[in-house]
Amino acid sequence: MNQKISDLMEMLKSKLPAVEFESIEVMFDLLSESTSLHSAAAFTGTGRGH
């Protein structure tokens, strides 16, 4: 899975203007952080509904 993501990111990097690619990188970083926070909350029982 990580290899597919890396390959796709490299393809986008070569095709998009730098500013647009950087925006995509920021979005992925935020999504990753959000997923980590949700996982941590679920694991510790501090998420919604716990």
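All heavy atoms count here, side chains included; hydrogens, waters and symmetry mates do not.
Between the CG atom in L16 and the OG atom in S23 there is a gap of 10.0 Å [rounded to 0.5 Å]. To the nearest 0.5 angstrom, D7 atom CG is 11.0 Å from L12 atom CG. Atom CG of L8 is separated from atom CD1 of I5 by 8.5 Å, given to the nearest 0.5 angstrom. Remark: K15 NZ to E20 CD distance equals 13.5 Å, nearest 0.5 Å.
Contact annotation: the side chain of M27 approaches that of L31 to within less than 4.5 Å [non-hydrogen atoms, C-beta and beyond]. Considering only heavy atoms from C-beta on, E25 comes within 4.5 Å of M9 through its side chain.
In this structure, the side chain of S32 does not engage the main chain of F28 through any donor-acceptor pair within 3.5 Å.
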